[in-house]
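Below is one structure, written out as structure tokens, with a few remarks after it.
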Amino acid sequence: MTPIRKLIYSMGVSLDGFIAGPDGAIDWAAPDEELHRFHNMQAREVGAQLYGRRMWEAMAPWQTASERPSAGEPTLEFAAIWRDTPKVVFSRTLEQVEGPLVTLVRGGAAEEVTRLKEQPGGDLAVGGAGLAATMIERGLVDEYRLFVSPVVLGGGTPYLPALTRGIDLELLETRTFGSRVVYLRYRAV
């Protein structure tokens, strides 16, 4: 029997639980070189990236990041990793998506993720609060990876959706970076 791939939800988050501020700003979560290298290490381990429309639109510029001469080494490294990783975009409004290794799924996100989890390959990473909320509500997220920044935003886009029932978690790993960002890795039990 083939082992089930894990679905991982990983995002930068403020101390008060938001992934973007009230105005949508995420500049407070920009990684320094140490944290960027850690993100790159984790990205190498992912078998596929799963995005909703908005997160896809935010990530699509990584397709050409290597063409920017001013990009630093960790940025160029991430761009190469990202380009070489299969991506699945879930959207009912997009007609098409362009780029290497990109597939558009127009409906049935939970069903498609369930199918993907049963296929062989590396773990799956869900990006963006909207798609992640759907997966959390369906009990499909296996790991939560939070990069908690020492900032309070007071509102914005929450990391977690409002739930009708709680989720029991087991702490698997913690790490504090020089930038004072704290990494927390939990497994759903």
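Computed from heavy atoms alone, side chains included, the values below leave out hydrogens, waters and symmetry copies. If you're wondering where the values come from, they're calculated on a predicted model, not measured in any experiment.
Across all non-hydrogen atoms, the minimal contact from Gln42 to Ser10 is OE1-OG, 4.4 Å. In terms of heavy-atom proximity, Ala129 sits nearest to Pro158 at CB-O, 3.7 Å. Closest approach of Pro74 and Glu33 over heavy atoms only: CG-CG, 3.6 Å. Closest non-hydrogen pair, Ile19 versus Gly12, comes out as CG2-O, 3.4 Å. Summarising the geometry of Ser149 relative to Ala29, their closest heavy-atom pair is OG-CA, 4.4 Å, with the distance given to 0.1 Å.
Glu45 is linked by a side-chain hydrogen bond (donor to acceptor under 3.5 Å, both in side chains) to nothing, counting only residues two or more places apart in sequence or in another chain. Applying the side-chain hydrogen bond (donor to acceptor under 3.5 Å, both in side chains) test to Asn40 and every residue at least two apart in sequence or in another chain returns His36, Glu77. Partners of Leu7 under the side-chain contact (heavy atoms from CB on, under 4.5 Å) rule, at least two apart in sequence or in another chain, are Leu50, Val113, Lys117, Leu124, Val126, Met135, Leu140, Val141, Asp142. Every side-chain contact (heavy atoms from CB on, under 4.5 Å) that Thr64 has, sequence neighbours left out, goes to Glu67. Applying the side-chain hydrogen bond (donor to acceptor under 3.5 Å, both in side chains) criterion to Glu34, with sequence neighbours excluded, gives no partner residue.
Counting heavy atoms from C-beta on, the side chains of Arg145 and Leu184 never come closer than 4.5 Å.
Note: Arg5 CZ to Leu116 CG = 6.5 Å, rounded to the nearest 0.5 Å. A distance of 13.0 Å separates CD1 of Ile4 from NZ of Lys6, quoted to the nearest 0.5 Å.
Comment: Glu112 engages Arg115 in a salt bridge, judged by a side-chain N to carboxylate O separation of less than 4.0 angstrom.
Leu171 and Val13 fall within a single hydrophobic cluster, where Ile, Leu, Val, Met, Phe, Trp and Tyr are joined by side-chain heavy atoms under 4.5 Å apart, directly or via other members. Linking Ile, Leu, Val, Met, Phe, Trp and Tyr residues whenever their side-chain heavy atoms come within less than 4.5 Å leaves Trp62 and Val46 in two separate clusters. Neither Ile26 nor Met11 shares a network with the other; the hydrophobic side chains, linked directly or stepwise wherever heavy atoms of I, L, V, M, F, W or Y lie under 4.5 Å apart, form separate groups for each. Cluster annotation: Leu160 is connected to Leu163 through the hydrophobic network of ILVMFWY side chains, with a link wherever side-chain heavy atoms come within less than 4.5 Å.
Considering Ile136, Leu172, Ile8 as possible partners of Tyr144, the one that fulfils the side-chain contact (heavy atoms from CB on, under 4.5 Å) test is Ile136.
Residue pairs satisfying the salt bridge (Lys or Arg N to Asp or Glu O under 4.0 Å) criterion with at least one member in residues 14-25, sequence neighbours excluded, are absent. Applying the ring pair (Phe, Tyr, Trp, His ring centres under 6.0 Å) test to residues at least two apart or on different chains, the pairs with a partner in residues 154-175 are Tyr9-Tyr159. Listed by first then second residue, pairs satisfying side-chain hydrogen bond (donor to acceptor under 3.5 Å, both in side chains) with a partner in residues 126-141 number zero, not counting sequence neighbours. Judged as a salt bridge (Lys or Arg N to Asp or Glu O under 4.0 Å), the pairs with a partner in residues 177-189 (not counting sequence neighbours) are, in order, Glu143-Arg185, Glu170-Arg187, Glu173-Arg185.
In this structure, Tyr183 belongs to a hydrophobic cluster whose other members, linked by side-chain heavy atoms under 4.5 Å apart, are Leu35, Phe38, Met41, Phe147, Phe177, Val181. Here Trp28 sits in one hydrophobic cluster together with Phe18, Val151, Leu153; the rule is ILVMFWY side chains under 4.5 Å apart, joined directly or through other members.
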Name the atoms and distances for all side-chain donor-acceptor pairs under 3.5 Å in residues 85-97, with sequence neighbours left out.
| unit_1 | atom_1 | unit_2 | atom_2 | d |
| --- | --- | --- | --- | --- |
| Thr85 | OG1 | Ile81 | O | 2.7 |
| Lys87 | NZ | Trp82 | O | 2.7 |
| Lys87 | NZ | Arg83 | O | 3.4 |
| Lys87 | NZ | Thr85 | O | 2.5 |
| Ser91 | OG | Thr93 | N | 3.1 |
| Ser91 | OG | Thr93 | OG1 | 3.2 |
| Ser91 | OG | Leu94 | N | 2.9 |
| Gln96 | NE2 | Glu98 | OE2 | 3.2 |

